[in-house]
Amino acid sequence: MYVVIGAGLAGLSAALTLQEAGHPVTVIDGADRAGGRIATDVIDGFILDRGFQLINLNYPEIKRLSLAKELDFKTAPRTVGISIGSRRHAIGDPRQAPLSIFSSKTGTLREKVSFLKYLPTKPVMDEDVQTHLLRCGTGGFYYKVLKPFLQGVFLTDPSQVSAVVGRELIRSFISGKSGIPAHGVGTLSQNLAEKIIDLRLNTQVEEIRDNRILTNQGELVATKIILATDLTTAAQLLDADQVSPLISATTWYHATDAAPTDGAELILDADHRGPVINSLVISNLSRNYAPAGQNLISSTTITHASESEVRRHLALMWGSSTENWRLIAKYEINSALPLFAPGKTKAKSSKFNEIIYLAGDYLSAPSQNGALMSGRLAAQELLLDEGL
């Protein structure tokens, strides 16, 4: 029997790959629902994702799983709003904001053209994202637009991220189709979980002894194991050192009777006046996210901040009073993403030993596509070793 430990995106992808190849597989997870970090709650009629995240329908793994039609997908604008002083300036896809490329407020035309030239360039192996982009001539455009945007992608300063991994993610956003399922990003993992034949939740793994898995529900004996937990849990179960640092982030949800905009653009702060790295009236992207007559704003911070500091910064970014905004929820995600520091590369093999294979975004790339791909590759390597 094959056993996958962990029902996040990596584990679900691994299990589906094994199932599609005609092999029985059991998926176990200690939580009461599948999805790992891709989860959604409903509180007082508001849909709250556990951490702000968009889904890119053009990710190769999302396309491979043919999920687009099943998600009731709401596509996000291909522009972002850059808050400078008391005004916001749209920039993005020239088809949606044709004049934005000429606005000197967000950088010179030469700097923006340099960014387009950056996309096919090859970074130096030990280079970081910031150094690579500045070396390519993006200058003020980097500091005003790219840096605040990329902080939301990597959940850390771009100077801490491998230029190799960073360019891959940046290119995926440029060519992507990002948005959210109408009823929350948790719909993605729920959809995948429904395809799993043998999924056992509330099953906490206490120890792995060779091919025996000791859980709070009893013992499982596996032919092969795919360990698709987060990095910290994997290190604990394998009695191994945790190699990759994990990045934390906090998502704040505020409700208001009057939204600061009718649009669904992501708002960034070019002036870096506070702890918020991005903000979005997410109920403008999907009306299901808020009850009738209400609006829901999702905002992200990556450094410690009080609610009053967040509220003060949001007032500057939106150019609107936040005095009457109500805090609905605050999600502190302690292991939101793995850090791919300069020099770190993708794992060449998923195999840990003769029985255990590893899967997770920390092996491939800090993204949903990275998690799904790592699960698929772990399952394929397992089957190859089995001669199947």
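Everything numeric in this text was worked out from a predicted model, so none of it was measured.
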For [X], what residues pass the salt bridge (Lys or Arg N to Asp or Glu O under 4.0 Å) criterion, not counting sequence neighbours?
| X | answer |
| --- | --- |
| D269 | R273 |
| R167 | none |
| R312 | none |
| D44 | none |

Could you state the interatomic distance from [atom1] ([X]) to [atom2] ([Y]), rounded to the nearest 0.5 Å?
| X | Y | atom1 | atom2 | answer |
| --- | --- | --- | --- | --- |
| T156 | L337 | OG1 | CG | 10.0 Å |
| T187 | L67 | OG1 | CG | 11.0 Å |
| I356 | I208 | CD1 | CD1 | 4.5 Å |
| L377 | K346 | CG | NZ | 9.0 Å |
| F340 | T345 | CZ | OG1 | 8.5 Å |

Those residues that, when tested against [X], pass side-chain contact (heavy atoms from CB on, under 4.5 Å) (two or more places apart):
| X | result |
| --- | --- |
| S178 | L54, N56, F173 |
| A315 | T322 |
| S321 | E323 |
| A255 | F46, Q294, R326, I328 |

When you measure from the side chain of [X] to the backbone of [Y], do you find a donor-acceptor pair of N or O atoms at a distance under 3.5 Å?
| X | Y | result |
| --- | --- | --- |
| Y331 | Y253 | no |
| T251 | F52 | yes |
| H272 | Y143 | yes |
| S248 | N334 | yes |
| Q217 | N202 | yes |

Under 4.0 Å between a Lys/Arg side-chain N and an Asp/Glu carboxylate O for [X] and [Y]?
| X | Y | result |
| --- | --- | --- |
| K144 | E111 | no |
| E265 | R88 | no |
| R376 | E61 | yes |

Worksheet item: Which pair of heavy atoms, one from S283 and one from Y289, lies closest together, and at what distance?
Response: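 The pair with the smallest heavy-atom distance is CA-CB, 4.1 Å.
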
Practice prompt. Check ring pair (Phe, Tyr, Trp, His ring centres under 6.0 Å) between H313 and all other residues, then give those that pass, not counting sequence neighbours.
Written response: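 None.
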
Discussion item. Check this for me: D239, atom CG, are more than 12 non-hydrogen atoms of other residues, nucleotides or ligands nearer than 6.0 Å?
Written reply: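 Incorrect, the count does not exceed 12.
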
Worksheet item: Crowded around K351 NZ? As in, over 12 foreign heavy atoms under 6.0 Å?
Response: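 Count over threshold, so yes.
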
Discussion item. Enumerate the side-chain hydrogen bond (donor to acceptor under 3.5 Å, both in side chains) contacts for residues 4-27, please, sequence neighbours excluded, ordered by first and then second residue.
Written reply: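 Qualifying pairs: T26-D198.
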
Practice prompt. Please say which of T250, T301, I302 ends up in a side-chain contact (heavy atoms from CB on, under 4.5 Å) with P275.
Written response: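 Among the candidates, only T301 passes.
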
Item to complete: Report yes if some heavy atom in the side chain of H132 is under 4.5 Å from a heavy atom in the side chain of T121; otherwise report no.
Response: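 The answer is yes; the side chains approach within 4.5 Å.
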
Fill in: Residues that, via side-chain heavy atoms closer than 4.5 angstrom, fall in one hydrophobic cluster with L327
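Members alongside L327: W252, I267, V276, V281, I297, V310, L314, M317, W318, W325.
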
Worksheet item: Quick one: hydrophobic cluster around I197, which other residues, with the 4.5 Å side-chain cut-off, linked directly or via members?
Response: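 The other cluster members (ILVMFWY side chains, heavy atoms under 4.5 Å, direct or chained): none.
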
